[in-house]
K.L.:
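Take a look at the following structure, please.
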Amino acid sequence: MKLTIEDVRSRFIKHFDGSTGSVYAAPGRINLIGEHTDYNNGFVFPGAVQQGMIAELKPNGTRNVRAYSIDLKDKVEFNLDDPKGPNATWARYIYGVCREMMALGVPVQGFNTAFAGDVPLGAGMSSSAALESVYAYAINDLFGDNKIERLELAKVGQRTEHKYIGCNCGIMDQAISCLGKAGNLMRMDCRSGEIAYFPWNPKGYKLVLVNSCVKHELAGSPYNDRRLSCERVAAAIHELHPEVESLRDATYEQLDEVRSKVSEEDAKRAAYVIGERERVLKVCDALEAGDYETVGQMMYETHKGLSKEYEVSCEELDFLNDVAKECGVTGSRIMGGGFGGCTINLVDEHYYDNFVKTVVEKFKERFGKAPVIIDVVIGDGARKLC
Ligand code: GLA
């Protein structure tokens with residue numbers, strides 16, 4: 001069910017002093033292609049979704065933030081000047097954003113806040129980035145005269161993950177949550193920060209997510225290990241080729257040159273990243289030519305790479321990918337960090353009904369519960385609602 005302002009406002013009124021504040025929203029995301037490329041300085045191709053986080057905030061004249069999570073029915077209070085912050089993970093996101101905004105010179109004051117979300121948690125759709133972005137945007141509006149640019153707000157969210165949560169994520173999720181545009185995918189060069197919007201109107205095709213409902217948890221997880229593997233290989237190549245600063249610049253030939261210096265596992269991870277860079281570029285060309293067959297083919301190849309080389313898949317996601325192939329789906333792959341969550345599928349409209357029916361039936365038969373189908377509509381980035 002779609003989350004509304006009223007869902008949040010009614011709780012805000014109930015849990016605080018009865019008055020109302022300002023309401024903001026920030027979305028989760030999909031990513032067409034370009035997975036695990038952001039922290040390698042490469043390209044990503046995300047779009048904001050209509051699902052996200054909604055938060056109401058009102059300054060309370062103190063140095064304390066009083067926060068209520070509507071979904072978890074949990075209330076936490078923390079002091080803005082406390083260097084340690086709260087224990088509850090959900091509250092640490094808000095605390096981290098406040099502290100990072102303060103570090104940028106924004107005179108953040110205490111506030112009351114309630115928030116809720118309709119991005120499924122752990123589905124690889126970036127519910128945490130939506131949470132960071134909604135507060136970064138709101139605090140910039142309420143206390144900072146909107147002086148901080150959207151990309152900087154995204155970096156506030158990313159630093160929050162690194163410093164307060166323990167996930168060394170890239171910039172993709174926060175960037176699209178802050179910079180998304182309805183009806184457009186956004187290609188981002190994660191080295192230069194350059195952004196290009198691509199209208200997403202694939203005539204005759206639909207984008208649909210299939211949520212395996214295997215919850216992924218990125219903090220302190222193999223996600224950080226993958227990043228370290230990439231950095232080790234990039235450093236080895238850099239010794240021979242000083243112009244190579246990250247895997248974004250590396251070639252398969254250079255990878256071969258350093259194979260004896262890095263572990264087999266690290267080399268396998270790097271091979272995936274180098275391949276993914278090529279695939280993203282092919283998808284850009286294919287999109288310009290309206291060639292969705294090639295887009296789909298690249299998606300399948302990305303899935304194979306994520307499953308066999310990067311090893312961030314699981315039985316359920318590989319199964320969903322196989323069923324998509326059997327049903328004639330144009331492209332299908334794991335979306336986001338992996339280890340669970342959704343597949344993203346580019347489906348010819350003629351095959352849509354059959355695919356949805358078959359995938360639900362087969363998955364249920366195999367794993368005992370139905371996956372959740374989510375039709376994708378590309379929405380806007382962070383904004384004030386009222
Ligand atoms: C997570 C991270 C992103 C990105 C993706 C994989 O969503 O937060 O920065 O690395 O995984 O593409």
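For ligands, and for the atoms within them, numbers begin at 1 and follow the listed sequence. These numbers come from a predicted model, not from an experiment.
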K.L.:
Are Lys215 and Phe339 in a cation-pi contact, defined as NZ or CZ under 6.0 Å from the six-membered ring centre and within 45° of the axis?
P.N.:
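No.
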
K.L.:
Number the atoms of ligand 1 from 1 as they appear, then name those within less than 4.0 Å of a heavy atom of Asp38, with their elements.
P.N.:
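Every atom of ligand 1 under 4.0 Å from some heavy atom of Asp38: 3 (C), 4 (C), 9 (O), 10 (O).
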
K.L.:
What pairs of donor and acceptor atoms, side-chain ones from residues 193-206 against any protein atom, are under 3.5 angstrom apart with sequence neighbours left out?
P.N.:
{"from": "Tyr197", "atom 1": "OH", "to": "Leu179", "atom 2": "O", "distance (Å)": "2.6"}
{"from": "Tyr205", "atom 1": "OH", "to": "Glu293", "atom 2": "OE2", "distance (Å)": "3.3"}

K.L.:
Does any N or O of ligand 1 fall below 3.5 Å from an N or O anywhere on Glu35, backbone included?
P.N.:
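N/O-N/O distance below 3.5 Å exists for this pair.
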
K.L.:
Going by the order shown, which atoms of ligand 1 are within less than 4.0 Å of some heavy atom of Tyr223?
P.N.:
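Result: 1 (C), 2 (C), 3 (C), 4 (C), 9 (O), 10 (O), 11 (O).
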
K.L.:
Between Tyr93 and Tyr164 (judged by ring centroids, cut-off 6.0 Å), do the two rings come close enough to count as a pair?
P.N.:
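Centroid separation for Tyr93 and Tyr164: 6.0 Å or greater.
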
K.L.:
Name the option, out of His36, Arg29, Gln174, Gln158, that contains the heavy atom nearest to atom 6 (C) of ligand 1.
P.N.:
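It is His36 that holds the nearest heavy atom.
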
K.L.:
Under 6.0 Å between ring centres: does that hold for His15 and Phe12?
P.N.:
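Ring-ring flag for His15/Phe12: false, centres at least 6.0 Å apart.
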
K.L.:
For the 3.5 Å polar cut-off, considering only N or O atoms, please tell me whether Thr37 and ligand 1 meet it.
P.N.:
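It does not: no N or O of Thr37 is found under 3.5 Å from an N or O of ligand 1.
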
K.L.:
With heavy-atom distances below 4.0 Å as the criterion, list the atoms of ligand 1 near Asp173.
P.N.:
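By the 4.0 Å cutoff, the relevant atoms are 1 (C), 2 (C), 3 (C), 7 (O), 8 (O).
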
K.L.:
Pairs in or reaching into residues 227-253: which pass ring pair (Phe, Tyr, Trp, His ring centres under 6.0 Å), with residues at least two apart or in two chains?
P.N.:
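Those involving residues 227-253 do not exist here.
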
K.L.:
Starting from the C-alpha separation in whole Å, work towards a yes-or-no answer on salt bridge (Lys or Arg N to Asp or Glu O under 4.0 Å) for Glu278 and Lys282.
P.N.:
CA-CA 6 Å; Glu278 302 301 314; Lys282 278 192 192 152; over 6 Å; no

K.L.:
With ring centroids as reference points, do Tyr68 and Phe16 lie under 6.0 angstrom apart?
P.N.:
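No, they do not, as the ring centres are separated by 6.0 Å or more.
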
K.L.:
Against heavy atoms of Met172, which atoms of ligand 1 measure under 4.0 Å?
P.N.:
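Once the distances to Met172 are compared, the set is 4 (C), 5 (C), 12 (O).
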
K.L.:
Can a non-hydrogen atom of Arg226 be found less than 4.0 Å from any atom of ligand 1?
P.N.:
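No, Arg226 has no heavy atom closer than 4.0 Å to ligand 1.
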
K.L.:
Can you name the atoms of ligand 1, numbered from 1 with element, that are less than 4.0 Å from a heavy atom of Tyr39?
P.N.:
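Checking each atom against Tyr39, I get 10 (O).
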
K.L.:
Below 3.5 angstrom, do we get any N/O pair linking Gly170 and ligand 1?
P.N.:
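Yes: some nitrogen or oxygen of Gly170 is under 3.5 Å from one in ligand 1.
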
